[in-house]
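What follows is a single structure, written as structure tokens, with notes after it.
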Amino acid sequence: MRPGDIAGLIKPSQTLLLMVTAYCSYLAAGGRSPLDVVVLTAAEALAISGTTAANMYLERDIDALMPRTSRRPLPSGSVSPAAAVAISTSMFLSSVVVASLRSGALALTILVGFISDILIYTNIVKRVTPYSVVLGGIAGAMPALGGWALAEGFTPGGILLSAVVLAWIPMHIWFIATYYLDDYRMAAVPMLPVIRGPSYAARYTEYSTAAIPALAWAYYAIEHRGVLAAIVATVLAAVAVKRAEDFRRTPSRDAALGMFKMASPLIAVVFVLEAIEGLLGLP
Amino acid sequence: MARPPYRELLAAASLLLAAALATYAYYPIPDWRLLLAASGMLAVYAASTSVDGGVPVSVLLTLIAASALASPASPAFLVVVPLAAAALLAAMRGAGRPALLAIAASAAFSWGYPLLPILAAAGYLAAGGRRRRLHELLLPAGYLVAAAAGYLGHPAMAASFSLAASAALAAYSGRGLPSCPFRADRPLVAAGLLALSIVALASPVLPAPPLLATSAGALYVVVAGLLAPVGSSEKV
């Protein structure tokens, strides 16, 4: 087993994006402790990686059926199932130990993330309902909530920031599912674009994307900071909704890929701005 | 997909409720009784998937599950309710050895009555016959340690060993859920059991927050293994 195989098991780019939301939430909440940052880094990196590896382990049958994922470490055989279980379990439980030694609230978000992603999404709803990402998305929102909770506990500001991630996830998931529609159809995974069609799914992403600026403005109203982030979120969400509407009228694989590529920068920019405004004490 | 029988829904719900109880045991206020209730729900899973019988058995198992769920907020003397249900279950024709698992279910959350886990463990050993695998002995051993810790006034240790023993009970005695979209995944269950065992052994020295949080996390791994989707194959 090479280091590259382990990297393939834990999806470093996805882990990094979610960690950005955790750091930014922590800074936006007023957190400044270097020790907190160390704990947040270790706990979130281990938690997200471990949960991702557990997800890959439980979905290795699906991954083997789809050309896009068939070269992943488990279906390709470069990592054995037993090794994947050992890696995922040790990472996840280590994250719980590290987080709980510092902050009960941070550890709780890690536990809830695992419940949402593994027990609810992967084990139960993903193979049953096309709306699975709505429940599974809770896991993606947990790093943002964890970062905030580490600094300030469970207060409305943190819940709103994590809800921004939750609202962003349908755009992130359903457009890539649209791009690889045949793969998901082949594996009989009932994603919304497969069951109801790409246009129908795009309509839902318009609603969820439109919720992002609403949540950003609500955050500003409650916390009295983050106006720049709210303005940028409004502009970017408007562009995304316009492009989603264009896609809905004339769906194409290229347009779906373009929407997917737009999703990650959108969330990253909004969270970085929230962090900067929190850090500098800007309104 | 055919609608799963009630008994299998009860089994799956018991596992998810065990996970929820373990989480609540950790946050916001550490509470060992909730961990004991979680171990009771695990034993209900084991009994639900292995005890034969019709509606009366389902009713009794539901009663035991409800008692386990309510046990942290119930007066201690109400332990007689699940005990009576388990005794009725054991007396039923054809229930046999698995019915004793239901007694273990009632015993697992009988905080304040440490004699009951000893009885459950003895019953398990007596009912098992001669052929026995080594790991099966870990289960009664876990209950015995939990009972001893309870007598000696170590609630954290008692709850940790009770949880590990009940998870082993669920893993080794449950027959799975053939009509539900789940199957037991051995590597994941084994990893979770190993983690729960390590946490239990470390319980005398671990502070409460990491002990409870890691207990919950390890339990999630066991539950994830017991509720693994049918499609995921160990051969892939």
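- Heavy atoms of Leu108(A) lying under 4.5 Å from chain B belong to its backbone as well as its side chain.
- Distance check: Leu111(A) CG to Tyr26(B) OH gives 7.0 Å after rounding to the nearest 0.5 Å.
- Leu93(A) and Gly217(B) get closest at one heavy-atom pair: CD2-C, 3.5 Å.
- By number of non-hydrogen pairs under 4.5 angstrom with chain B, the leading residue of Ala105(A), Gly104(A), Ala107(A) is Gly104(A).
- Each of Ile110(A), Thr89(A), Ile120(A) has some count of heavy-atom pairs under 4.5 Å with chain B, and the biggest count is that of Thr89(A).
- For Tyr220(B), the parts lying under 4.5 angstrom from a heavy atom of chain A are both the backbone and the side chain.
- Other residues, nucleotides and ligands place no more than 12 heavy atoms under 6.0 Å from the CD1 atom of Ile29(B).
- Proximity to chain B is limited to the side chain of Ile118(A), based on heavy atoms less than 4.5 angstrom apart.
- Residue Leu16(B) touches chain A through its side chain alone, counting heavy-atom pairs closer than 4.5 Å.
- Residues Phe92(A) and Val221(B) are in side-chain contact: their nearest non-hydrogen atoms beyond the backbone lie under 4.5 Å apart.
- Proximity to chain B among residues 149-166 of chain A is limited to Phe154(A), judged by heavy-atom separations below 4.5 angstrom.
- Proximity to chain B (any heavy atom under 4.5 Å) is shown, for Ser76(A), by neither the backbone nor the side chain.
- No part of Ser94(A) comes within reach of chain B, as not one of its non-hydrogen atoms sits under 4.5 angstrom from that chain.
- Of all the listed residues (Pro28(B), Ala216(B), Ala190(B), Ala224(B)), the one sharing the greatest number of non-hydrogen pairs under 4.5 Å with chain A is Ala224(B).
- To the nearest 0.5 Å, the span separating OG on Ser100(A) from CG on Leu212(B) amounts to 9.5 Å.
- Rounding to the nearest 0.5 angstrom, the gap separating the CG atom in Leu227(B) from the OG1 atom in Thr122(A) is 12.5 Å.
- Using a 4.5 Å heavy-atom cut-off against chain A, the contacting residues of residues 193-205 of chain B are Ala195(B).
- Atom CZ of Arg68(A) has more than 12 neighbouring heavy atoms from other residues, nucleotides or ligands inside a 6.0 Å radius.
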